[in-house]
Amino acid sequence: PMGDIVTGCPDNVLICRSIYKFDENGNTILGQAEKVDVSDDGLTWDITLRDDIKWSDGEPVTVDDFIYSWQRAASPETASDYATLFDVIEGGADVYQGKADPSTLGVTKVDDTHMTVQLAAPCPYFDKLLAFPIYYPVRQDVVEGNDSWTQDPSTFIGNGPMMLTDWSHKESCCRLKTKISSPLCAVILGFFCRSEPAAALRGFLKGFSSLFSISFKSVISIVSYNFS
């Protein structure tokens, strides 16, 4: 499947983006945010989104998208393997343990591009969590009622620098391209997504398949560039 850790297909990194992102040296830099202010006690993170960020279908990315996604990811109904990463946010542990409604998660909307996050305790690595896929936004109108939304390019809507253009499931061949066209970022990536992780790993080790026609560091350089 796409995004499997064994196949090494970092589709989430390419197609989606969160508040922060990692540069080619592994340091966090602003991604979807224009600025982030942290209170002196480290408990309140004041986040302002960029006003030019859009989903791959052209719709604007808003604070509502992030809040919905975080509440959804923390909910026990979603059963995310990484829901525990929300315990740093006030109320997060109670939410993923099913003791509280997801709406009680400590994230508050100020307006469409401004929100505040209240932490349960100071977390010096929260910026890194805000670059992790569990904190990526998804579109409520796309994902609700459609469990297979990531399997079709027409519904796999993302907010990152690249978008899924086609996926030949029988051949397990996926193709990504940059959302915008320019000499700087005219990049198309094609790769194989194996349904069995063990088989994918064996094929990779034997040299039967490779992920990218360019180095992974080049890919990180691409997605680190500030056009998404």
Side-chain angles (χ1 to χ4, degrees), residues 1-7 9-13 15-22 26 28 30-33 36-49 53 55 61-151 155-160 197:
M2 290 195 72
D4 190 287
I5 190 64
V6 176
T7 66
C9 298
D11 56 288
N12 286 336
V13 176
I15 297 175
C16 302
R17 180 60 52 78
S18 191
I19 303 301
Y20 285 91
K21 59 185 178 182
F22 292 105
T28 52
L30 291 177
Q32 297 279 278
V36 176
D37 296 317
V38 184
S39 62
D40 291 340
D41 61 8
L43 293 176
T44 303
W45 288 58
D46 192 86
I47 300 170
T48 301
L49 299 181
I53 51 177
W55 294 99
V61 179
T62 69
V63 160
D64 289 324
D65 296 321
F66 280 95
I67 294 178
Y68 164 76
S69 302
W70 296 358
Q71 291 175 349
R72 173 179 177 270
S75 171
E77 293 185 5
T78 303
S80 170
D81 291 337
Y82 294 99
T84 55
L85 294 183
F86 287 97
D87 62 4
V88 299
I89 299 179
E90 189 175 75
D94 286 340
V95 171
Y96 72 71
Q97 292 172 9
K99 299 177 181 179
D101 189 84
S103 62
T104 62
L105 189 68
V107 186
T108 303
K109 175 182 178 179
V110 178
D111 55 45
D112 283 346
T113 60
H114 184 196
M115 63 181 175
T116 60
V117 182
Q118 193 69 26
L119 300 189
C123 181
Y125 56 87
F126 189 54
D127 59 328
K128 294 176 176 58
L129 290 180
L130 290 177
F132 194 72
I134 193 66
Y135 281 89
Y136 290 169
V138 295
R139 276 260 298 279
Q140 183 175 5
D141 63 306
V142 171
V143 306
E144 287 196 350
N146 183 9
D147 292 338
S148 61
W149 67 277
T150 61
Q151 308 298 306
T155 55
F156 199 168
I157 306 301
N159 66 323

* Asked: Distance-only, no hydrogens or angles: does the T78 side chain make a donor-acceptor pair with backbone N or O of S80 under 3.5 Å?
  -> no
* Asked: Side chains of V36 and Y20: does their closest heavy-atom pair fall under 4.5 Å?
  -> yes
* Structure fact -> dist D87:CG -> D94:CG (nearest 0.5 Å) comes out at 10.5 Å
* Contacts of type side-chain hydrogen bond (donor to acceptor under 3.5 Å, both in side chains), residue T48, not counting sequence neighbours -> none
* Asked: Between D65 and R139, is any pair of side-chain heavy atoms under 4.5 Å apart?
  -> yes
* To do: For the pair Y96 and F86, evaluate ring-ring contact (aromatic ring centres under 6.0 Å, His included) and give the outcome as yes or no after the intermediate values.
  => CA-CA 8 Å; Y96 72 71; F86 287 97; 8.5 Å; no
* Asked: Would a distance-only check, ignoring hydrogens and angles, find a side-chain to backbone donor-acceptor pair under 3.5 Å from D112 to T62?
  -> no
* For residues T44 and D41, report the shortest heavy-atom separation together with the two atoms involved. => N-OD1, 4.1 Å
* Do T116 and I47 come within less than 4.5 Å of each other through their side chains, counting heavy atoms only? -> no
* Inter-residue atom distance E90.CD - L119.CG, 0.5 Å rounding -> 9.0 Å
* Got a second to check how far Q32's CD is from L130's CG, nearest 0.5 Å? -> 12.0 Å
* Structure fact -> When F132, W70, Y135 are each screened for ring-ring contact (aromatic ring centres under 6.0 Å, His included) with Y82, the one that passes is F132
* Structure fact -> Hits for side-chain hydrogen bond (donor to acceptor under 3.5 Å, both in side chains) against D37, two or more places apart or cross-chain, chain-then-number order -> none
* Asked: Can you tell me how far CG of D127 sits from OG of S18, rounded to the nearest 0.5 angstrom?
  -> 11.0 Å
* To do: Show your working on side-chain contact (heavy atoms from CB on, under 4.5 Å) between V63 and L49 and close with a plain yes or no.
  => CA-CA 8 Å; V63 160; L49 299 181; 3.9 Å; yes
* Nearest heavy-atom pair of A73 and A83: which atoms, and what distance? -> O-CB, 3.7 Å
* To do: Measure the shortest side-chain to side-chain distance between D46 and H114 over non-hydrogen atoms and say whether it is less than 4.5 angstrom.
  => yes
* Shortest non-hydrogen contact from R17 toward P137 -> O-CD, 3.1 Å
* Separation between CD of Q118 and CG of L105, rounded to the nearest 0.5 Å -> 11.5 Å
* Asked: Hey, does V138 have a side-chain heavy atom less than 4.5 Å from the side chain of I157?
  -> no
* To do: State, with a plain yes or no, whether a side-chain heavy atom of V95 is found less than 4.5 Å away from one of T104.
  => yes
* To do: Would you indicate whether the side-chain heavy atoms of V61 and F66 approach each other to under 4.5 Å?
  => yes
* Asked: In terms of the angle between their ring planes, are F126 and W45 parallel, tilted or perpendicular, with boundaries placed at 30° and 60°?
  -> perpendicular
* **From CD (Q140) to CD1 (I67), nearest 0.5 Å** => 11.5 Å
* Structure fact -> Looking only at heavy atoms, the pair that brings C16 and G158 closest together is SG-CA, 4.5 Å
